[in-house]
Each structure stands twice: as structure tokens, then as C-alpha cells.
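Quick notes on the structure that follows.
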Amino acid sequence: MAKPVIITVDDDAEVLHAVERDLRSRYGERYRVLRADSGAAALEALKALKRRNDSVGLLLADQRMPQMTGVEFLGQAMEFFPNAKRVLLTAYADTDAAIRAINDARIHHYLLKPWDPPEENLYPVLDDLLEDWMASFRPPFEGVRVLGTRWSPHSYAIRDFLTRNQSPYQWIDVEMAEQNAEARRLVKAVGAEASSLPKVLFPDGSSLADPSTAQLAEKLGLRVRPEMAFYDLVIVGGGPAGLAAAVYGASEGLRTVLIEMEAPGGQAGMSSRIENYLGFPSGLSGGDLARRAVAQARRFGVEILAPQQVAAVRVEDHSRIVKLAEGTEVGCKVLLIATGVSYRKLDVPGAERLQGSGVYYGSAMTEAMACKDEDVYIIGGANSAGQAAMYFSRYARRVVMLVRGGSLSASMSQYLIDQIKNTPNIQVETYARVEEVFGDQHLEALSIHCGDSGETERVPANSLFVFIGAEPNTDWLAGVVARDERGFILTGTDLLRDGKRPQGWPLARDPYWTETSVPGIFAAGDVRHGSVKRVASGVGEGSIAVQFIHQYLSAV
Ligand SMILES: Cc1cc2nc3c(=O)[nH]c(=O)nc-3n(C[C@H](O)[C@H](O)[C@H](O)COP(=O)(O)OP(=O)(O)OC[C@H]3O[C@@H](n4cnc5c(N)ncnc54)[C@H](O)[C@@H]3O)c2cc1C
């Protein structure tokens, strides 16, 4: 934890130096002692400390300074650090003014110059004040802070990125600043005008206004550039399948790099509670699973590049070369594609415009606290929608699940159906379809068509979470590997037509189970045609793929 600060202010350099020396010798071990030669400079220093979320325990200011008196400075300093103890240093002649300041300007104490010996005239008073301050001191949050507004898609994207990259942060909604004095002080210190929002503040005192995820990644020290030009194994996609393959590949001696365009964890990382993954009887969150898997992969020496998107792939003899969206190329002996699926978008009027401003895909966890005591709408009837409903039911006043079919049983695991039934604030509406979403700056209402009554109703709503199935994003592989009509990658026997190997297949053996129509390019997890869309099966496929990768490598 950073040490709390003591600031001393005086325009007389000699006096300033002497006070600083005495403060340091007594408090230097527990406090950072700073000095300023004017009230204005001290106020600037206080603003910078506020931006870094530092704490200030004591302000000691000389009364007679040109431009700004000590009393004036101490009064203004309260706008940033109202709990800091305020002490005025005065000459004997100013005693009356100092006493008045105690009454009028809420100054805690005044000290007379000279204060020698400090053991008698300075420390007893300051000890007492600092002890008092320490008794109610709460260490401040020391990580990244995000200032923005709830309905801004950019603020949402930044929070989502930080959450999914396991980077703790504090969220400060500037629209709530009127009700939160500490937030108001910070907004004032930062000068957070609307045009600079969202703003991300870092513990080193620096900040980024409306940063891209690439800028954030760089600032947070996430690795986005490959260390080498050529690897044994390149894995595209950091979901359960890619992470499992990375762990098995690297632990079995393959120089492995995993490239992930958002955050390691994949879809599973968005899950609020995975309850059916072997070995975790009380379930675990997707974020937790991702964190453990990333640690395990790193322990075996896997290089993880994120966020970094792979945009193209080509084959050159025995090398497979992927091209990153920013242009860099990375070569490898074997490529594993584990890019999963992404959410299908809600295709109704208003949905695209309000994405991130009330209409969300998947990411339940970032928004949950903001939905406290509100009504939340969820579209979808599969496990992912069920998990989200359970998660939101802990915060929201009411969760309404809008399900296209007649019941949940066709698409949801029984354990979740039972949990939902036993949760009084979840309401399941069957044969229900959202027809349009409304709102100016953010979502304000939905129109819902009820198949039973044939009627369409408009309801007020601030949050709509959409879980309506998913599709693979494999267009970047077009013309390279064979895919089915929906874009899923064909592997193994699915590539054989009437027992014949795929066109252009050069080897005297059939493709392995997880091998694509190009030898040395493999696919695992949800992106693979015919896969079971589950965390455990993704993990299984990723690890099995590595066995076939070894067999492939032993023959080239
Ligand atoms: C909310 C939710 C809850 C779920 N709950 C459960 C559950 O309880 N139990 C269960 O068994 N299953 C659950 N699932 C399903 C499970 O999460 C998936 O089956 C599993 O994550 C699939 O793993 P994967 O590695 O194949 O793909 P994904 O998890 O989809 O990961 C693919 C990764 O590839 C990345 N990527 C895509 N394209 C590129 C590119 N071009 N360049 C770089 N990276 C790229 C993506 O960003 C993504 O991170 C849930 C899914 C969701 C969405």
C-alpha cells in the first residue's frame, strides 16, 4: 500500500525546509512528506494525488503567504481531501486570525512559530491529530479506475474488457457523482468533461481518455506481440479448447503460442456459474476457470497474446502462417483453430443502435450491480440464458425470461430449470418474442409479442440480455479449410465423401479426428462441425487434438 501523504506549504524556503525536515524525521517511515511553496502549487499536488487515489493525512500550511493565505488554501483543500487534518502555522501576531479560522474554516489546530523544540511544540499536536485521522482511515482502492456513464457503449466495452482480462477495477459512474461525495471530488480533480469520457485512471497517476482495447492492453502490460517468428504450435482462440490444447502441447514439449482476440476464457469466461464441470461440485465461475487455466498454461511456458485477432492463414510447404489483424505474421508447424462461436445478434429494429446501451450479449457479470432493484429481461431458453437469469435474480427486482418455445425443457439442463422454478423473482414467459427495442440514449422499452394471446405489449425496460444461439466466425478461413454450410469446420471422417478423402488431400492416410482438410491444421471445440457445445468437451477435444498433432509431427 502507498504511504499516506503529509503536505507542508510555505512560501519561505528556509521555513519550508525546516518543517519538512522535522516532519520527515518523525513521520517519514509511515508517511510520505511532500512540500509546496504556494497554496496554488499545493492544490495542484492534491489534485494529482486524488487522481492516483492516494490518501492525505495532514496538511500543514503557513498563514502568511502572498496570493493565497494558509486559511484559504486549507479551505480549498477540503474539496479534495475533506478528512485530512488541517493545521495552520502562524506567527504570534496572527493568533486571533488562527483562532477565528478554527471556528470559521474548520481548521483542526494552529501552531506558533518557531516550533522548536519539535518534541515539545510540534509532534505532540501532530501525533494526536494523525492518530485520530488513522482511526477512521480506510485504505483506498489501488488499482485501475474507470470513469464513465452507465449507458455509454464505450464505458461498457472498457469494463467488459477489464473484467474478462481479470484486471480488477473500480467503476465510477459520473452521473451518480451528485449522490456520491467521493466520486464528485474525483470528477473535479480529473476534470472529467463529457468529451473525454470514458476515462481510465491508472495507479501511476496517468490516464487514458476513451482508449481502445489495444491501448488498454499495452498500458496494462498485456502481451500482444509474439516473441518468436516461428513456433511448433499456434493456437487461435483462448476458450476451453484452446487453453487445454495449450496446456497439453506446452507440457509435452511443443513451443506454443496462443492468440486470443478478446480475453482468455472464451465463452466459458462469460459464464456466471458453470455447475457441470467435473471436479467442482459447487460450480465455479467462468472467470475463475479462465484464470486457473491461464496460470496453468503460463506455468508450462505458453505464450499468450491477447487481445490480438488472427485475420488470415496460408500454407507454405510444411509451414502454416497466420496473419494478425495488425499485420504481423507468425509461422508454425501446426495450427490449431479453437475459435468457438459468437453470439447471434438480435435482428429487430433498434437493437443494433442500442447495443452496449441497454442491449447486451452474454456479459451478465459486468452489468449485474447496475441492475440492482430494476427489472431485467433475458431472451433465450438455453443454459447460458438460465445461468444469467439465476445470476441476475440476486440483484434485480425481477428477471423476465422471454422464451420462443413452449417450455425450457427442450433446451435447458434440468438442474437449472429446477433452480429457476424455485427462484421467486424469475418469471418465464413462453412463446414470447421481442419485436422492437426503443430508447433515445439508452434502452427504455421493449415490445414483446405473446404467441398465446397474439397480442403485442410495450413494457418499460433498461436492460435486455440476449442469448439466442451462436455461430462460428470462420470467414477468415474461407478457401483454406473445408467448412459446412453454417461455417463450422469439417474434420476427420466428416471430410470423407463416399469414403473418398477431401480434394487436394496429399497424404496416404485419412485426416485425423480433429484434423481439417489441410494436413497440419487442426480444429477443436465449438468451432468444429459436430462438436458437443460444452466446456468439458472443448477441454477434451483440445487435449485430444494434441495427441494427433504429435502423430502428424512424427511423420513430417
Ligand atoms: C454464458 C454461457 C454459459 C455457458 N455455460 C456452460 C456450462 O455451464 N457448462 C458447459 O459445459 N458449457 C457452458 N457453456 C458453453 C461453453 O462455454 C462452450 O461450449 C465452450 O466455451 C466452447 O469452448 P471453445 O474453446 O470451443 O470456444 P470459445 O469458448 O467460444 O472460445 C473461442 C475463443 O476464440 C476467440 N477467437 C475467435 N476468433 C478469433 C480470431 N480470429 N483470432 C483470435 N481469437 C479468436 C474468441 O474470442 C474466444 O475467446 C456456456 C456458454 C455461455 C456463452
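Numbers for residues simply follow the sequence, beginning at 1. Start at 1 and go down the list; that is how both ligands and their atoms are numbered.
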Exercise. Determine if the distance from atom 6 (C) of ligand 1 to the closest protein heavy atom is below 4.0 Å.
Key: yes
Practice problem: For atom 48 (C) of ligand 1, grab the closest protein heavy atom and report residue, atom and distance to one decimal in Å. | Solution: Glu260 OE1, 3.4 Å
Practice problem: Would you indicate which of Leu258, Leu289, Asp526 comes nearest to atom 22 (C) of ligand 1 when only heavy atoms are counted? | Solution: Asp526
Quiz prompt | Atoms in ligand 1 flagged as close to Ala338, the criterion being non-hydrogen separation under 4.0 Å | solution = 32 (C), 33 (C), 34 (O)
Practice problem: Quick one: look at Gln308 and ligand 1, take heavy-atom pairs under 4.0 Å, and tell me if it's side chain, backbone, both or neither. | Solution: backbone
Quiz item: So, are Arg458 and Glu436 salt-bridged, with charged N and O less than 4.0 Å apart?
Solution: no
Exercise. Output the list of atoms in ligand 1 that are nearer than 4.0 Å to some heavy atom of Gln309, sorted by atom number.
Key: 41 (N), 42 (N)
Practice problem: Cation-pi check, Lys333 to Tyr231: give yes when NZ or CZ is under 6.0 Å from the six-membered ring centre and within 45° of the ring axis, no otherwise. | Solution: no
Quiz item: Which residue from Gly340, Gly239, Pro240, Gly238 reaches closest to atom 21 (O) of ligand 1 through any of its heavy atoms?
Solution: Pro240
Quiz prompt | Aromatic ring pairing Phe465/Phe392, orientation class (parallel under 30°, perpendicular over 60°, tilted between) | solution = tilted
Quiz prompt | Heavy-atom nearest option to atom 16 (C) of ligand 1, drawn from Ile337, Leu278, Val535 | solution = Val535
Practice problem: Below 4.0 angstrom from a heavy atom of Gly266, which ligand 1 atoms are there? Numbered from 1 as shown, please. | Solution: 29 (O), 31 (O), 48 (C), 49 (O)
Quiz item: Do other residues, nucleotides or ligands put more than 12 heavy atoms under 6.0 Å from Lys323 NZ?
Solution: no
Quiz item: Among Phe467, Tyr343, Tyr415, whose heavy atom sits nearest atom 53 (C) of ligand 1?
Solution: Tyr343
Quiz item: Should the pair Asp375-Arg397 be classified as a salt bridge under the 4.0 Å nitrogen-to-oxygen rule?
Solution: yes
Quiz item: Does Asp526 pair with Lys533 as a salt bridge, N-O distance under 4.0 Å?
Solution: no
Self-check item: Distance flag, aromatic centroids of Phe522 and Phe548, threshold under 6.0 Å
Solution: no
